[in-house]
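Below: one structure, written as structure tokens.
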Amino acid sequence: EPEVTQTPSHQVTQMGQEVILRCVPISNHLYFYWYRQILGQKVEFLVSFYNNEISEKSEIFDDQFSVERPDGSNFTLKIRSTKLEDSAMYFCASSEGQGRMKYEQYFGPGTRLTVT
Amino acid sequence: DQQVKQNSPSLSVQEGRISILNCDYTNSMFDYFLWYKKYPAEGPTFLISISSIKDKNEDGRFTVFLNKSAKHLSLHIVPSQPGDSAVYFCAASDDNAGNMLTFGGGTRLMVKP
């Protein structure tokens, strides 16, 4: 069964460093998402991406964050200068479609980011 | 932001009995609702969804009920199995908000053999 994959599973970085989290969405999916879950808190939406553009982003997704689809398979989240409060599980998700057709989002296993 | 709430942080059920997980929402623009199951150290796994034009959707042992007037949905699992033990999240989306999902805080279900 197709699945979303994410690497690395755990990333430890020092405050102020840049990190890139990687995801390979399901191959026929067109919409891609990043969510995060700080320990003990809800899963929160960060950004959605379609046709090489950001389609929606939350208030969390400030100028320190960026997303890219560098090739036909990978989808990346970059945090330019990490802060302690960026420590969280980051989940990538993908869906076939969006909007009125209401396609489900399928999630990857997550990357645990620890900022020290 | 409490647009989607799961008021019960945990639920314990005997194997073979029904599990009922509840979810309330406040945003009347939500028109699509999903339930996800999550095991430790894994991502959320999609279970079942329901559009706001329906009041029930069934898939095997899982049934989701939607009461739009009460802004309430529930997930019924019957019969419950020990392998169902996990954290269950309800999520909602608004067609006008780019399909971003707003999650509840989750309910930990424990099914005892």
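Chain A is the first sequence line, chain B the second, and so forth, proteins listed ahead of strands; every chain is numbered from 1.
- Residues passing the side chain to side chain contact (heavy atoms under 4.5 Å, CB included) test with Ser69(B), sequence neighbours excluded: Asn67(B).
- Using a 4.5 Å cut-off between heavy atoms, Gln37(A) touches chain B through its side chain atoms alone.
- Residues of residues 107-115 of chain A having a heavy atom under 4.5 Å from any heavy atom of chain B, listed by number: Phe107(A), Gly108(A), Pro109(A).
- Interface residue Leu101(B): backbone and side-chain heavy atoms are both found under 4.5 Å from chain A.
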Please test Phe49(A) against Tyr33(A) for ring pair (Phe, Tyr, Trp, His ring centres under 6.0 Å), starting from the C-alpha separation and ending with a verdict.
CA-CA 6 Å; Phe49(A) 190 86; Tyr33(A) 313 84; over 10 Å; no
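- Within the 4.5 angstrom heavy-atom criterion, no atom of Ala91(B) approaches chain A.
- Taking NZ of Lys42(A) as the reference point, atom CZ of Phe103(B) lies at 11.0 Å (rounded to 0.5 Å).
- A pairwise comparison of heavy atoms in Asp63(A) and Arg80(A) identifies O-NH2, 2.7 Å as the closest pair.
- Within the model, atoms CG of Leu77(A) and CZ of Phe65(A) stand 6.5 Å from one another, a figure rounded to the nearest 0.5 Å.
- With hydrogens and angles left out, the side-chain atoms of Ser55(A) and Ser48(A) include a donor and acceptor closer than 3.5 Å.
- Using a 4.5 Å cut-off between heavy atoms, Phe89(B) touches chain A through its side chain atoms alone.
- A salt bridge between Arg61(B) and Asp84(B) is present, with a side-chain N of the basic residue lying under 4.0 Å from a carboxylate O of the acidic one.
- Expressed to the nearest 0.5 Å, how far OG of Ser95(A) lies from CZ of Phe32(A) amounts to 8.5 Å.
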